[in-house]
Chemist: 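First the structure, which I've put down as structure tokens, then a few questions once you've had a look.
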Amino acid sequence: MQNNMEEILNGQISGFHQYILSDPIRLHYVSQNLCEMVGIQKVELLPGGQDRYAMLVHPGDRQSYSRFIRQLAQKEQTLTIEYRLVKKDGAVISVRDTAVSRKNSDGILVGSSVLTDITGLKNEINDLQFLNETIPCGFLRYTCEKQPKITYINQKMIEFLRFPETQDGELDYLELFKSNIFLMIPMEERRRFSKYLNRVYSADAPVAGEMTLLRCDGTRAYVFGWVTKIVNEDGAAEFQSVCMDVTERHQVKKASETKRYLKALTDVYDKIFELNLEANTIRCLHCDDASSFKQFEGLRVQMDDALEKWLLTAVEPEDRDQLRGFFKSYCQKKRHESDAKPPQITYQACCADGRRRQYSGVFIKIDETVSLYCCRPIQSDGEVAVLRNENDQLKENMKELVMRFSDGIAAFEVSTEGLVKPLYASENVCEFFGYTQEEWFPLTERFTPLESFVAYSEAAYEDFAELLRNGEAEFTYFDYKTETERRIKAICSQREQNSSSPCYVMLYSVEEAEPNEKKSLPENRAVSIRTFGYFDVFVGDKPIAFRNKKSKELFALLVDRRGGYITSEEAIGFLWEDEPANTVTLSRYRKVALRLKNTLEEYGIADVMETVDGKRRIVMEKVQCDLYHYLSGKEEYAQLFKGSYLTNYSWAETTLGALLSDQE
């Protein structure tokens, strides 16, 4: 029985030892696995009058350990403590000691102690503590449920979100937010946040980026951070988030962006007012020097006062109710749908020179709380004439842009020497040109050669050059918000021959074709692939018109793999040979893969490509391919290969070499 007990203690209970708790308190028994834990022999612990185990306790923890043992000796009870042990080789480990004191048959109080090595957990906590002390980071842990519950929130995150101290009888907002993490996410961001969590959970890979949070006081904070999935100490899956408050940086960036946007709008509109729906204020940002609003420029006034005392004063009496209702409807978000065209209105008002003119007004949404109201006089018959000089042409193009579309806009100045300087662009248009917003901002401060500027774009330089010659063009771009391909319209103001003044380019989204305008799918959907020579894919007898050259190259890469899966990192190594796999190239690759998927769906052959956990392959059984026929060894296909293979792509030389060697 004694041998069995020794085996149980050594094999199943880590760090077991016993104390005799009567004076003098002394060590009575140690297990072999305890000796192995600290790197010392039993004979070095048990003999002698002093407590040699206590000498292994880290000097900084000995006082608290001594109190623990004395308290344990007072009565029968169970106590737990955490402390550090110094091993024989000098290494330090952290342990959790759970001790039970019980009287034996002789009435002697005996303490039985079980140690658990928690060094790894302590190191993680210390790392997080170091992170918290050295970088002002918020830290969250929350469950992986459909409605995640917060299990831990650090003090810095509480400060970020401005939780007040709870007073007696008041609602505990922190506990309320802990019950559902979505309470700290603005309504319009919740779907995106939920998609991020699903991606982290299913892919078991972290996601990083910027996110808007809703503070307890109703204001918004902007944070940069990441979400990852871990397994907690209870063995359950859990999300962890670490984030930094970038609200100030975001506001500076937003102000800079709005300033550039405002500069472009002042070329179109006579008066521009800022509406802050959160503060319920109006501020005049731009007006003519002769305007009555000039004396109020830059001042914030309460919405109702500004509407009645400023805006409606000059409006003809018969149109005041209409304009008043237009403002109130917008402020109540009845016309504030994010995907809708900007709401417009026309009305009669008195100009600064006393003339009665017809005005056109439009609301332009900047973000969830700030919008611009822009207005300008138009011809009395309500039609905008075709203006002749290039500056007025710019205004009309910009007016059409802002009046009709709410996203995907840009404006550029092109010098007579062919140099380009962006004036303004929304983020998805930046990506159309292949730039991040951080890379884009420096470009707005200088002129860049057109060829260099468009080098990262997926559209060809020749297409842009043609735009400057013809004055109008359409391109396809990837909208990162909707994760779809969209069409972008470019208008270039025409420069008179031999003129030294610059021309301007403006881009804006155009509507997708109606379903009945889409081309019908071919009746014969047999897929045949040509790899010997230049790469092409046919559905029936019709070639696929790939709108994106990289998506075509990705498909060629899948064909070359002959049914084997290719990972994102491997594909990037082929598609962008000189660039490493990082967040930028991974984002670029995902867009290319999505475009390929959309193209295959467009032709009704989506089933020829299979995707599993981000890896892709071609389903060989569903295509006819000259390479596959040739490699089958059948006599009728022996003459297909003539010495060239995927001529479009340099990475195909490896397969080409193997094909040539087989012919020798």
Chemist: Between Thr212 (side chain) and Tyr222 (backbone), is there a donor-acceptor pair under 3.5 Å?
Modeler: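 Pair absent, no side-chain N/O of Thr212 close to backbone of Tyr222.
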Chemist: Tell me whether Asn648 contacts the main-chain N or O of Phe535 through its side chain, where contact means a donor paired with an acceptor under 3.5 Å.
Modeler: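 It does hold such a pair.
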Chemist: Please determine whether side chain to side chain contact (heavy atoms under 4.5 Å, CB included) holds for the pair Val623 and Val559, giving the CA-CA distance in whole Å, both sets of side-chain angles, and the decisive distance to 0.1 Å.
Modeler: CA-CA 10 Å; Val623 300; Val559 172; over 6 Å; no
Chemist: Can Glu553 and Lys549 be counted as an ion pair, charged N to O under 4.0 angstrom?
Modeler: no
Chemist: Evaluate the side chain to side chain contact (heavy atoms under 4.5 Å, CB included) criterion for residues Phe574 and Asp560: first the C-alpha distance (whole Å), next the side-chain angles of each, then the deciding distance (0.1 Å), finally the verdict.
Modeler: CA-CA 12 Å; Phe574 288 101; Asp560 184 70; over 6 Å; no
Chemist: Determine, step by step, whether Lys597 and Met609 satisfy the side chain to side chain contact (heavy atoms under 4.5 Å, CB included) criterion, reporting the C-alpha distance in whole Å, the side-chain angles of both residues, the deciding distance to 0.1 Å, and the verdict.
Modeler: CA-CA 8 Å; Lys597 174 178 173 290; Met609 183 177 72; 4.2 Å; yes
Chemist: Please work out whether the ring planes of Phe163 and Phe177 are parallel, tilted or perpendicular, with thresholds of 30° and 60°.
Modeler: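 Judged by the thresholds at 30° and 60°, the geometry between Phe163 and Phe177 is perpendicular.
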Chemist: My understanding is that only residues two or more places apart in sequence, or in another chain, count here; which of them pass side chain to side chain contact (heavy atoms under 4.5 Å, CB included) with Ser241?
Modeler: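 In terms of side chain to side chain contact (heavy atoms under 4.5 Å, CB included), with neighbours along the sequence ignored, Ser241 is linked to Leu140, Tyr142, Val227.
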Chemist: Between Cys243 and Phe160, what is the shortest heavy-atom contact and its length?
Modeler: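 Heavy atoms of Cys243 and Phe160 come nearest at O-CE1, 3.7 Å.
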Chemist: Could you tell me whether the side chain of Leu660 reaches within less than 4.5 Å of the side chain of Tyr645, counting heavy atoms only?
Modeler: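 A side-chain contact under 4.5 Å is absent here.
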Chemist: Just checking, is any N or O donor in the side chain of Glu610 or Tyr565 under 3.5 Å from an acceptor N or O on the other one?
Modeler: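 Present: a donor and an acceptor within the cut-off.
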Chemist: Which distance, rounded to the nearest 0.5 Å, do you find between the CD of Glu210 and the CZ of Phe224?
Modeler: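 Atom-to-atom, Glu210:CD and Phe224:CZ are 7.0 Å apart.
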Chemist: If only atom types and distance count, is the side chain of Ser194 paired as donor or acceptor with the main-chain N or O of Arg191 below 3.5 Å?
Modeler: no
Chemist: Are the side chain of Tyr637 and the backbone of Tyr628 linked by a donor-acceptor contact shorter than 3.5 Å?
Modeler: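 No; judged by distance alone, with no hydrogens or angles, the pair does not exist.
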Chemist: Find the distance between CZ (Phe139) and CG (Asn154) and round it off to the nearest 0.5 Å.
Modeler: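 Those atoms lie 7.5 Å apart.
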Chemist: Would you kindly say whether Arg530 and Tyr534 are connected by a side-chain donor-acceptor distance under 3.5 Å?
Modeler: no
Chemist: With a 4.5 Å heavy-atom cut-off, do Lys552 and Asp536 have their side chains touching?
Modeler: yes
Chemist: For Glu636, does the CD atom sit with more than 12 other heavy atoms under 6.0 Å from it, leaving out its own atoms?
Modeler: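 Result for CD/Glu636: enclosed.
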Chemist: Is the closest side-chain heavy-atom distance between Ile150 and Met157 below 4.5 Å?
Modeler: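 Side chain of Ile150 against side chain of Met157, heavy atoms only: no contact under 4.5 Å found.
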Chemist: Can you tell if the side chain of Leu627 reaches within under 4.5 Å of the side chain of Leu646, non-hydrogen atoms only?
Modeler: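 No, side chains not in contact.
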Chemist: Is there a donor-acceptor pair closer than 3.5 Å between any side-chain N or O of Thr143 and the backbone N or O of Lys149?
Modeler: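 Yes; at least one donor-acceptor contact below 3.5 Å.
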Chemist: Quick one: do Glu189 and Arg220 make a salt bridge, cutoff under 4.0 Å?
Modeler: no
Chemist: Out of Asn232, Ile230, Val200, Thr151, which one pairs with Gln240 under the side chain to side chain contact (heavy atoms under 4.5 Å, CB included) rule?
Modeler: Ile230
Chemist: How many angstroms lie between atom CD of Glu570 and atom CG of Leu557, to the nearest 0.5 angstrom?
Modeler: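 If we round to the nearest 0.5 Å, Glu570:CD and Leu557:CG are 8.5 Å apart.
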Chemist: Shortest non-hydrogen contact from Ile93 to Met37?
Modeler: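 Nearest pair, atom of Ile93 first, then Met37: CD1-CG, 3.6 Å.
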Chemist: Gly563 and Arg617: which non-hydrogen atoms are nearest, and at how many Å?
Modeler: O-CD, 3.2 Å
Chemist: When you look at CD of Glu145, are more than 12 heavy atoms from neighbouring residues, nucleotides or ligands closer to it than 6.0 Å?
Modeler: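 It does: Glu145 CD has more than 12 such atoms within range.
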Chemist: Classify the ring geometry between Tyr201 and Phe239 as parallel (under 30°), tilted (30 to 60°) or perpendicular (over 60°).
Modeler: perpendicular
Chemist: Would Val252 and Arg249 count as a side chain to side chain contact (heavy atoms under 4.5 Å, CB included) here? Give the steps.
Modeler: CA-CA 5 Å; Val252 170; Arg249 188 192 76 178; 5.8 Å; no
Chemist: Does Thr599 reach the side chain of Phe555, with side-chain heavy atoms less than 4.5 Å apart?
Modeler: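 The answer is no; the side chains never approach within 4.5 Å.
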Chemist: Nearest 0.5 Å, please: how far is OG1 in Thr655 from CG in Leu631?
Modeler: 9.0 Å
Chemist: Do you know the tightest heavy-atom contact between Ser661 and Ala658?
Modeler: OG-O, 2.8 Å
Chemist: At what distance, to the nearest 0.5 angstrom, does CG of Leu594 lie from NZ of Lys591?
Modeler: 10.5 Å
Chemist: Rounded at 0.5 Å granularity, tell me how far CD1 in Ile153 sits from CG in Leu174.
Modeler: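 CG of Leu174 is found 5.5 Å from CD1 of Ile153.
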Chemist: Indicate the atoms forming the closest heavy-atom contact of Gly138 with Lys156, along with that distance.
Modeler: N-CG, 4.1 Å
Chemist: Hey, are the side chains of Lys634 and His629 touching, using non-hydrogen atoms and a 4.5 Å cut-off?
Modeler: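 Side chain of Lys634 against side chain of His629, heavy atoms only: no contact under 4.5 Å found.
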Chemist: Considering only distance and modelled atom types, tabulate donor-acceptor pairs under 3.5 Å from the side chains of residues 178-187, sequence neighbours left out.
Modeler:
residue, atom, partner, partner atom, Å
Ser179, OG, Leu176, O, 2.5
Asn180, OD1, Phe182, N, 3.1

Chemist: Would you say the side-chain atoms of Ser644 pair up with the backbone N or O of Phe532, donor to acceptor, closer than 3.5 Å?
Modeler: no
Chemist: Taking the inter-plane angle between the rings of Trp651 and Tyr649 on a 0 to 90° scale, is it parallel (under 30°), tilted (30 to 60°) or perpendicular (over 60°)?
Modeler: parallel
Chemist: If every non-hydrogen atom of Asp117 is compared with every non-hydrogen atom of Ser94, which pair is closest and at what distance?
Modeler: OD1-O, 3.2 Å
Chemist: Are the side chain of Lys642 and the backbone of Gly533 linked by a donor-acceptor contact shorter than 3.5 Å?
Modeler: no
Chemist: Side chain of Lys550, backbone of Leu575: donor and acceptor closer than 3.5 Å?
Modeler: yes
Chemist: May I ask you to test the Val619-Asp607 pair for a side-chain heavy-atom distance under 4.5 Å?
Modeler: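 Heavy-atom side-chain distance check fails, nothing below 4.5 Å.
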